[in-house]
Number of protein chains: 2
Amino acid sequence: MTTSDEASQTGPGERITEAEHAVMEVLWDRPRQTAAEVCEDVCATRGWSLATVKTLLSRLVQKGAAAAEPDGRRFLYSPLIAREDYVGGESRRLVDRLFGGSAASLVAHLAETEALTADDLAEIEALLKELKS
Amino acid sequence: MTTSDEASQTGPGERITEAEHAVMEVLWDRPRQTAAEVCEDVCATRGWSLATVKTLLSRLVQKGAAAAEPDGRRFLYSPLIAREDYVGGESRRLVDRLFGGSAASLVAHLAETEALTADDLAEIEALLKELKS
DNA sequence: TCGCCATGACTACAGGTGTAATCACAAGAG
DNA sequence: CTCTTGTGATTACACCTGTAGTCATGGCGA
């Protein structure tokens with residue numbers, strides 16, 4: 001179940017784009033927010049208008065990645081797919097595409113290009129110890 | 001120089017798309033190929049026509065990711081950016097976007113979601129030993 | 001009651017991407 | 001010398017993405 005299973009991401013296969021992902025992060029951070037609230041979180045940093053956020057939220061709902069729960073006049077938006085699933089899917093895609101599916105190769109690459117600090121290495125080492133127990 | 005430096009990818013900042021990447025892989029595998037040769041490698045697997053490959057090659061040249069060396073009537077295409085640079089850039093993007101720039105977090109995630117096989121773990125362990133020496 | 005405002009739905013639109021057909025043209029076959 | 005054929009250049013076009021404006025409508029303050 002490594003390179004195969006495409007539509008595994010909990011929601012329907014629909015891919016989430018980068019802009020949409022930014023919105024998802026806000027929803028993951030705190031579910032049940034209105035469009036305006038989400039905007040407060042991202043509009044500043046990304047230079048977006050409220051309209052943009054609304055569009056992205058709609059698209060996320062369409063894609064089955066977020067839920068819109070009616071609350072009087074407006075909607076409260078919540079994530080429908082778990083962050084872990086998304087992150088896992090994206091990671092796997094990268095590993096499959098660039099490292100022939102070998103996660104170890106990715107780690108090796110990060111290490112070789114010095115993308116890993118000494119702290120990183122220590123952390124990973126600790127992690128490995130834990131995993132082996 | 002971790003989260004900052006955008007246009008680091010050797011070639012100009014122009015992003016390489018997934019379809020283009022498939023072509024780059026062929027060029028990395030063996031430089032100085034004609035469009036037809038590249039097609040032989042990818043057209044079957046991706047279900048592309050020669051025309052598609054030509055378009056992608058042109059775009060890669062435009063983006064400064066590949067070079068077209070005239071050879072009589074045709075061109076021999078070669079990669080201009082190193083695979084390592086590309087892979088590194090993509091990996092970094094992922095780590096920055098999904099793991100707050102912490103490569104260790106990525107490894108942790110892979111481990112937790114069991115994306116790492118026992119072999120992977122052993123390999124990584126060996127790697128770490130080597131790095132510490 | 002009446003108009004304003006917040007809000008989602010719908011529409012817009014430029015630029016990127018995937019995929020390809022068509023055009024022009026030069027080298028080689030006959 | 002002419003016709004075919006391989007080749008890059010040009011053009012095409014639908015769909016996706018980022019970004020946003022407009023519209024209709026219902027609730028709320030005056």
Side-chain angles (χ1 to χ4, degrees), chain A residues 6 9 11-27 32-78 86 90 93 97, chain B residues 6 9 11-27 32-78 86 90 93 97:
Chain A
E6 292 298 318
Q9 232 122 294
E14 303 278 19
R15 301 255 308 121
I16 290 175
T17 76
E18 195 170 325
E20 286 160 1
H21 167 239
V23 170
M24 286 300 289
E25 285 293 344
V26 179
L27 295 183
R32 308 198 42 176
Q33 294 187 68
T34 69
E37 285 168 333
V38 171
C39 185
E40 265 169 51
D41 254 21
V42 283
C43 286
T45 28
R46 313 267 307 204
W48 285 345
S49 78
L50 174 60
T52 300
V53 171
K54 285 180 181 176
T55 300
L56 293 173
L57 282 169
S58 301
R59 288 181 182 169
L60 284 170
V61 171
Q62 270 184 329
K63 294 186 180 181
E69 155 197 359
D71 173 58
R73 291 238 32 61
R74 62 254 183 94
F75 283 116
L76 297 182
Y77 296 93
S78 301
Y86 174 72
E90 290 298 300
R93 282 174 54 79
R97 210 161 62 87
Chain B
E6 292 298 319
Q9 232 123 294
E14 302 278 19
R15 301 256 307 119
I16 291 175
T17 76
E18 196 169 325
E20 287 161 0
H21 167 239
V23 170
M24 286 302 289
E25 285 293 345
V26 179
L27 296 184
R32 310 197 40 175
Q33 293 187 70
T34 69
E37 285 168 334
V38 172
C39 185
E40 265 169 50
D41 254 23
V42 284
C43 285
T45 28
R46 313 269 305 207
W48 286 344
S49 79
L50 174 60
T52 301
V53 171
K54 286 180 181 175
T55 300
L56 293 173
L57 282 168
S58 301
R59 288 181 182 169
L60 283 170
V61 171
Q62 272 184 329
K63 294 187 180 181
E69 154 197 0
D71 172 57
R73 292 238 29 63
R74 62 256 182 93
F75 284 115
L76 297 182
Y77 297 92
S78 301
Y86 174 73
E90 291 297 302
R93 283 174 53 80
R97 208 161 63 87

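Labels below follow one simple rule: chain letters A, B, ... track the order of the sequence lines, proteins then strands, and each chain is numbered from 1.
- The existence of a salt bridge linking A:Arg32 and A:Glu69 is confirmed by a sub-4.0 Å separation between a basic side-chain nitrogen and an acidic carboxylate oxygen.
- B:Phe75 places its CZ atom 13 Å from the C1' atom of C:dC25, with the value rounded to the nearest Å.
- Residue A:Ile16 comes nearest to A:Ala65 through the heavy atom pair CD1-CB, 3.8 Å, listed as atom of the first residue, atom of the second, then distance.
- Rounding to whole angstrom units, CZ of residue A:Arg74 and P of C:dA6 are separated by 12 Å.
- Within 4.0 Å (heavy atoms only), A:Ala68 reaches no atom of the nucleic acid at all.
- One atom, CD of B:Gln33, and another, C1' of D:dT7, lie 16 Å apart when rounded to the nearest Å.
- The distance from atom CD of A:Glu37 to atom C1' of C:dT7 is 13 Å, rounded to the nearest whole Å.
- When rounded to the nearest whole Å, the span between CG of B:Leu50 and P of D:dG6 equals 10 Å.
- Nearest heavy atom pair, residue B:Ala19 against residue B:Trp48, reads O-CH2, 3.5 Å.
- As a whole-Å value, the separation of B:Glu69 CD from D:dT7 C1' is 16 Å.
- Checked for salt-bridge contact, A:Glu20 and A:Arg15 miss the test: no charged N lies under 4.0 Å from a carboxylate O.
- For A:Leu60 and D:dC16, the CG to C1' distance is 14 Å, given to the nearest whole Å.
- Regarding A:Arg73, its CZ atom lies at a distance of 11 Å from the C1' atom of C:dC5, rounded to whole Å.
- Exactly one residue among B:Val26, B:Val23, B:Leu76 makes a side-chain contact (heavy atoms from CB on, under 4.5 Å) with B:Gln33. That residue is B:Val26.
- Around CZ of A:Arg46, the count of heavy atoms belonging to other residues, nucleotides or ligands within 6.0 Å exceeds 12.
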With sugar-phosphate taken as primed atoms, P, OP1 and OP2 and all else as base, the protein-contact string of nucleotides 11-22 of chain C at under 4.0 Å (heavy atoms; B, S, -) is -B----SBBBB-
